[in-house]
Every structure is written in C-alpha cells, then in structure tokens.
S.K.: 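Handing you a structure now.
Values reported hereafter were calculated over all heavy atoms of this structure, with side chains retained and with hydrogens, waters and symmetry mates removed. This structure is a prediction, so every number in the text was calculated from the model and none was measured. So that the names make sense, note that chain A is the first sequence line, chain B the second, and so on, each numbered from 1.
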There are 2 protein chains.
Amino acid sequence: MGTDKRRASRQAEAERNDQALLAAAREVLAIDGAHASVASIAAAAGVGIGSLYRRYRTKEELYQRLCEIALDDYARAAEEGLAHGDPWEGLVHYITTAVSFGPGSLAPIAGTIEITAEMAEKNERSDRAVEMLVGRAHRCGALRNDATALDISLLIEQLAKSPLDDHFKRQQMAALAQAARTARERIVAIAIQGLRAPAHQPLPGDPPGYELFSERWASRHDNPSP
Amino acid sequence: MGTDKRRASRQAEAERNDQALLAAAREVLAIDGAHASVASIAAAAGVGIGSLYRRYRTKEELYQRLCEIALDDYARAAEEGLAHGDPWEGLVHYITTAVSFGPGSLAPIAGTIEITAEMAEKNERSDRAVEMLVGRAHRCGALRNDATALDISLLIEQLAKSPLDDHFKRQQMAALAQAARTARERIVAIAIQGLRAPAHQPLPGDPPGYELFSERWASRHDNPSP
DNA sequence: TCTAAACGGAGCGAATCGCTCCGTTTAAGA
DNA sequence: TCTTAAACGGAGCGATTCGCTCCGTTTAGA
C-alpha cells in the first residue's frame with residue numbers, strides 16, 4: 001500500500017524522534033526530578049528543542065503524555081500480577097515491576113500539572129487491579145492482614161526512587177550506578193519479606209487514607225511564598 | 001561572673017539566630033533538596049541574609065557545618081543502640097531513629113561540598129558503631145544473616161526521604177503531612193520485619209561494596225555537560 | 001529542480017541564584 | 001543622656017538558567 005511508502009524516511013524519523021523524546025524525558029525526569037529542563041530532555045533524546053516543541057505545544061503537555069504512559073505501565077503490571085496463578089507471586093511481580101519503573105514520571109511532577117481525563121481513567125483501572133491483587137493475597141494468607149493496598153502503593157513509591165542510582169548516573173559513573181541498582185534489589189527483597197504473614201508485631205498507627213493520593217494531584221498554581 | 005552579663009541580650013540573639021539558621025537549613029534542605037537557596041533558608045529562620053553570611057562565609061561552609069551535625073546525630077543514634085541490652089531492639093532503635101532524621105543534610109548535598117576532617121572522623125565513628133550493632137544482631141540470631149551493615153545503611157537512606165511528606169509540607173498542608181509521616185512509619189515497620197531471621201529466601205545479588213558510599217563524596221566540580 | 005515538511009539551535013525576556021554592601025537598630029559604657 | 005560599635009535586615013549586582021520563539025538549513029519526493 002502506498003501509505004507505507006508515504007510514511008517512509010522523513011515521517012519515520014519524526015516517529016523515532018517522538019519515541020526518543022518520551023524515553024529521554026522519562027530518564028531525565030527520574031534523575032533530575034521536578035527541576036528537569038526542556039533543553040536537557042531534548043539533548044538527551046539527541047533532538048533539537050524545536051522538534052520537541054513541534055510535537056508538544058508546552059512542557060506541561062509533554063508531562064501529561066508521560067503521566068498517561070506511566071499510569072498505563074502501572075495498570076499493566078498489576079494486571080499481569082492478576083494473571084499469575086499464585087496470589088503471592090502475582091503481588092510480588094507487581095511490586096518488583098512497579099519499583100523497577102523507577103520514580104517514573106509521576107511522583108516528581110505530582111501537583112504541577114493538570115490531570116487529563118485519560119490520566120484519571122488509567123489511574124482508576126490501576127487502582128482496581130491493585131485492590132484485587134491485595135485482596136487475593138490477603139485471602140490466601142500469604143500477605144500480612146494489617147497491610148492495606150495503600151500501604152503497598154506507598155511502599156512502592158518509597159522504593160522506586162533511588163537517590164544513589166541517580167547520583168551516579170548524573171556523574172556518568174555507569175559501573176557504580178549498576179551496583180546501586182542491585183543494592184536496591186536487595187532492599188526491595190527485604191521489604192517484600194516484611195509483607196509476608198505472619199507478622200511478629202502489628203503495624204503502628206491507622207492505615208493510610210486515600211486523601212494522601214488524591215489531594216496531592218489537586219494542582220494549586222498559587223505559589224506558597226508571595 | 002561578668003561573662004554572663006556581657007553575653008546578654010545582643011550576643012544571645014546572635015546565638016539564637018545561629019540555632020534557628022541550622023534548624024531551618026536542615027528543614028529546607030530536606031524539602032527542597034540540592035536546589036535549596038540561601039535566601040529561603042534565611043527566610044525560614046526568620047533572619048536576614050546578611051546575618052547568615054556574617055556567620056558562614058559561604059554556602060558551602062554552612063553545608064559543611066550541617067553535615068558535621070548530621071553525622072554526629074547518626075553516630076549518637078548508633079551508640080544509643082549499642083547501649084540497649086537486647087541486640088535486636090538496639091538495632092531497631094538505630095534504624096527508626098536514623099530514619100526519623102529524614103534525609104537530614106547528607107544525601108541531598110553529597111558530592112557537592114568538600115569533606116572536612118571533622119566530617120571524616122565522625123563518619124568513621126558512626127561506621128564502627130553500626131558495624132558492631134549489626135554484628136551483635138547477627139550473632140544472637142535475630143537479624144537475617146545475609147543482610148550486611150551496608151544493606152542496612154542503604155535501607156535507612158531509602159526510607160529516610162519521604163517525597164509525600166515533603167510535598168505536603170511544601171504546600172503547607174500540615175494535616176496531610178502528618179498523615180504522610182505515620183504512613184511512612186508503617187512502611188519502616190514492614191521493612192524492619194523483613195530483616196528478621198529466618199528469611200524465606202536469600203537476598204539476590206552480591207552484597208553492596210563500600211565504594212557506594214565513599215565514591216559518592218569524591219567531590220567532582222567538573223560539570224558533566226560542557 | 002523545486003517544494004514543503006521536518007530539522008537544529010541561537011537567543012529573548014523573565015526568573016532565580018550566591019553574595020556584597022549599606023543604612024538601621026540596639027545594648028553597653030562614658 | 002550621648003556615643004559607639006556590634007549585630008541586624010534586605011535591596012540589588014552580575015551571572016546563570018529557565019520555557020519558549022523564531023528562523024535558517026536539510027532532505028525526501030514529485
């Protein structure tokens with residue numbers, strides 16, 4: 001079909017550039033956090049700033065797209081976990097996969113962008129899957145019964161960010177960055193072990209409420225310091 | 001003695017301001033990370049910028065002082081742990097106390113300042129104490145034997161930073177910040193539970209090496225991107 | 001050879017940085 | 001009461017960095 005030929009070289013380059021941009025943005029955001037600059041994202045993708053702004057009219061638009069992709073990844077990881085026959089193994093798959101995403105593009109920019117409809121929808125899908133995953137693991141007795149789905153979500157967020165890895169990446173020390181990554185895998189294994197039933201002693205305080213998630217995305221553009 | 005009178009109001013205010021500066025710097029650094037500004041530190045302390053620079057000739061000098069204090073806190077927490085009769089309880093005391101320090105003033109500025117002699121000394125003292133703590137806990141069989149002292153130090157660093165807490169603090173939402181803190185306490189409890197022997201399965205990969213700590217403080221002022 | 005789509009990046013105004021410099025306040029001594 | 005010097009707060013300097021625009025160049029296809 002002619003379409004394939006029309007989509008050839010030049011348009012194909014545009015497509016490749018878009019993928020490179022999204023991948024680079026994800027990486028840079030994970031390392032530099034909220035202070036990542038558009039210039040550094042374009043540079044990391046090997047693309048001019050102009051090309052970036054031809055695809056996304058603004059920085060926020062790019063960030064929104066990144067969030068949608070990240071939320072989709074989380075939802076998929078949770079659904080893969082549900083596909084596992086063993087409830088515990090399924091939960092472990094979700095946790096390790098989600099952690100391996102790194103801080104993704106979510107936490108660093110929470111509250112700085114407007115939530116799109118697509119983001120809200122993917123988020124609900126993800127929440128539902130995680131809730132089912134945790135419920136299953138509770139019922140089969142593998143997961144300690146005082147750990148809630150929100151506890152696990154917060155645990156994932158806590159483990160996802162690796163300051164050590166980021167630091168060595170920023171300094172271009174690849175070997176040490178790799179070592180930092182395997183060190184974190186050990187820590188994740190420790191945390192997962194801590195989720196197994198039975199627990200030696202109950203978790204302190206009340207279980208976390210959902211406001212911890214929802215309130216943080218209520219984007220308030222008013223700066224705290226006038 | 002006349003000294004007390006000479007040290008009265010005006011010099012006393014200077015002393016109070018110094019304490020306020022250190023406390024505020026610690027707080028601001030924990031929230032804003034490496035991008036904290038001198039102006040915001042002075043403002044948080046309720047002090048003029050001029051007063052800050054009368055005490056510390058440069059931003060780096062202030063940061064070095066903060067690091068020395070933080071390292072001292074860690075060392076003290078570890079030594080308190082050693083004072084406990086029960087090895088496991090002593091280790092738990094160290095971990096929870098160290099985590100409660102937050103990211104302190106260490107991780108955010110690692111590699112950005114020169115190490116003073118005092119910093120190196122306090123660091124060694126802290127390391128020795130932690131090594132003994134972990135050795136004791138291993139010998140009495142409470143701590144899983146494939147978890148090393150470095151694993152525990154990295155675990156502490158991983159848990160110390162609370163993005164959620166920081167976010168709500170930045171947005172001046174005190175109630176949610178408090179909720180975020182108790183949520184993190186639950187996560188710390190989970191992780192500690194994961195350190196208990198016996199483990200269901202061994203930790204993956206090789207134990208982390210000490211370069212992960214030492215290399216990161218080798219301050220390289222050359223920017224990676226020329 | 002010509003055209004139009006995709007490209008890269010210099011550079012704009014605004015914001016922010018670390019830090020200096022100076023006019024003001026205040027407690028102690030004459 | 002007046003003088004003095006130590007401690008104060010903060011406006012503002014030059015440098016840097018930001019998001020974004022604008023324009024000259026490259027290149028695939030007719």
S.K.: I need the full list of ring-ring contact (aromatic ring centres under 6.0 Å, His included) pairs touching residues 95-128 of chain B, with sequence neighbours left out, sorted by first then second residue.
M.R.: B/Tyr74-B/Phe101
S.K.: Got a sec, which residues hit side chain to side chain donor-acceptor pair (under 3.5 Å) with A/Arg76, two or more places apart in sequence or on another chain?
M.R.: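 Testing A/Arg76 for side chain to side chain donor-acceptor pair (under 3.5 Å), a comparison that skips the adjacent residues, returns A/Asp72, A/Asp73.
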S.K.: Apply ring pair (Phe, Tyr, Trp, His ring centres under 6.0 Å) to A/Tyr56 and list each qualifying residue two or more places apart in sequence or on a separate chain.
M.R.: none
S.K.: Can you give one letter per nucleotide of nucleotides 17-24 of chain C, going 5' to 3': B for a protein heavy atom under 4.0 Å from the base, S for sugar-phosphate only, - for none?
M.R.: SSBB----
S.K.: Evaluate the side-chain contact (heavy atoms from CB on, under 4.5 Å) criterion for residues A/Glu211 and A/Arg216: first the C-alpha distance (whole Å), next the side-chain angles of each, then the deciding distance (0.1 Å), finally the verdict.
M.R.: CA-CA 8 Å; A/Glu211 340 81 61; A/Arg216 142 197 244 190; over 6 Å; no
S.K.: Within the structure, does a side-chain N or O atom of B/Ser51 lie under 4.0 Å from either OP1 or OP2 of D/dG9?
M.R.: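 Yes, within the criterion.
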S.K.: Apply side chain to side chain donor-acceptor pair (under 3.5 Å) to B/Arg186 and list each qualifying residue two or more places apart in sequence or on a separate chain.
M.R.: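 Residues passing side chain to side chain donor-acceptor pair (under 3.5 Å) with B/Arg186: A/Asp151.
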S.K.: Quick one: list whatever passes side chain to side chain donor-acceptor pair (under 3.5 Å) with A/Glu79, sequence neighbours left out.
M.R.: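 So A/Glu79 forms a side chain to side chain donor-acceptor pair (under 3.5 Å) with A/Arg125.
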S.K.: Under the side-chain hydrogen bond (donor to acceptor under 3.5 Å, both in side chains) definition, can you give me all pairs with a residue in residues 33-42 of chain B, not counting sequence neighbours?
M.R.: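 Found B/Ser37-B/Ser40.
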S.K.: According to the ring-ring contact (aromatic ring centres under 6.0 Å, His included) rule, which pairs have a member within residues 163-192 of chain A, sequence neighbours left out?
M.R.: none
S.K.: Please list, in numerical order, the residues of residues 16-28 of chain A that have a heavy atom closer than 4.0 Å to any atom of DNA chain C.
M.R.: A/Asn17
S.K.: What is the separation between atom CD1 on B/Ile41 and atom P on D/dG10, rounded to the nearest whole Å?
M.R.: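 The answer, rounded to whole Å, is 17 Å.
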